[in-house]
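Encoded as structure tokens, the structure appears first; notes follow it.
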Amino acid sequence: MASRSHVAGVNLLDHFVLQHVQVSLLKARLANLGKEAGEKQQEAKVELNLTPRLLNADSGDALPAYQVSARLSCRGGSESAGPRFVAQVGFEAVYQQVSGEPVDVAEFGSSHASLTRQLYPLLQQEMRSLLLRMGLEQVHLPFDLAAQAASPEQETVQVSGAVH
């Protein structure tokens, strides 16, 4: 039982380093763009999804490495008229444990959201570039996540954004 409370308090950034990041997804689609699109502010739904998996099995004394698939999706427009644009960017990030006792799959899975604040700025920058290439310079994404967004219970993080 004592180790269970220890698991809940783990900050993976204290024991892991970001070893590698690779863009794995760039996808965008414009739709329903009329002249009224630029005339009023609209809401944009932004969602961050993280999926961790063990990269290397236990090999004696070696500390584990994990791959985190991170996807940032942005959808602008109203639900009734359909989306005006949809954009997605994705990264594959490899985290290598460098200190402490080996973190097992269950512990990493319950604590990997602490890495969200490290990955989000990279995803946000790539999304910003994609939106600019689509001519959507009026879309403003937050630069950082709220501290509570990185809670270990969530694999999907809702991020607010706006289309001006």
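- Residues passing the side chain to side chain donor-acceptor pair (under 3.5 Å) test with Ser69, sequence neighbours excluded: Glu92.
- Every residue was checked against the side chain to side chain donor-acceptor pair (under 3.5 Å) condition with Arg133, not counting sequence neighbours, and none meets it.
- By the criterion of side-chain heavy atoms lying less than 4.5 angstrom apart, applied directly or through intervening Ile, Leu, Val, Met, Phe, Trp or Tyr residues, Phe91 is grouped together with Leu18 in one hydrophobic cluster.
- The distance from atom CZ of Arg71 to atom OG1 of Thr51, rounded to the nearest 0.5 Å, is 7.5 Å.
- Of all non-hydrogen atoms in Gly109 and Pro52, the two that sit nearest each other are CA-CG, 4.4 Å.
- In this structure, Asp104 and Glu107 approach most closely via the heavy-atom pair OD1-N, 2.7 Å.
- For the pair Leu48 and Leu119, the minimum side-chain heavy-atom distance is 4.5 Å or more.
- Using modelled atom types, one side-chain atom of Gln97 and one backbone atom of Ser99 make a donor-acceptor pair closer than 3.5 Å.
- Side-chain contact between Lys45 and Ser73 is absent, with no heavy-atom pair separated by less than 4.5 Å.
- The distance from the OG atom of Ser110 to the CG atom of Leu12 is 8.0 Å, given to the nearest 0.5 Å.
- With sequence neighbours left out, the ring pair (Phe, Tyr, Trp, His ring centres under 6.0 Å) criterion links Phe108 to Phe16, Tyr66.
- With sequence neighbours left out, the side chain to side chain donor-acceptor pair (under 3.5 Å) criterion links Gln118 to Tyr95.
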Trace of the side-chain contact (heavy atoms from CB on, under 4.5 Å) decision for Glu137 with Arg128: CA-CA 8 Å; Glu137 54 276 337; Arg128 184 85 214 113; 4.2 Å; yes
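- Listed by chain and residue number, His20 satisfy the side chain to side chain contact (heavy atoms under 4.5 Å, CB included) test with Gln22 (two or more places apart in sequence, or in another chain).
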Steps toward side-chain contact (heavy atoms from CB on, under 4.5 Å) verdict (Leu72, Tyr120): CA-CA 8 Å; Leu72 183 63; Tyr120 177 75; 4.0 Å; yes
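- Closest approach of Val23 to Leu26, counting heavy atoms only: CG1-CG, 3.9 Å.
- Enclosure of atom CD in Glu101 is not indicated, since only 12 or fewer non-hydrogen atoms of other residues, nucleotides or ligands lie within 6.0 angstrom.
- Under the 4.5 Å side-chain heavy-atom criterion for ILVMFWY residues, a single connected hydrophobic cluster contains both Leu122 and Val46.
- Rounded to the nearest 0.5 Å, atoms CZ (Arg75) and CZ (Arg84) are 13.0 Å apart.
- Across every non-hydrogen atom of Ala28 and Met134, the tightest pair is CB-SD, 2.9 Å.
- Other members of the hydrophobic cluster containing Val17, listed by chain and number, are Val98; membership follows side-chain contacts under 4.5 Å among ILVMFWY residues, whether direct or relayed.
- Following chains of ILVMFWY side-chain contacts shorter than 4.5 Å, one cannot reach Leu123 starting from Leu132, and the two form parts of different hydrophobic clusters.
- Leu130 and Leu25 fall into different hydrophobic clusters, defined by Ile, Leu, Val, Met, Phe, Trp and Tyr side-chain heavy atoms under 4.5 Å apart, directly or through other members.
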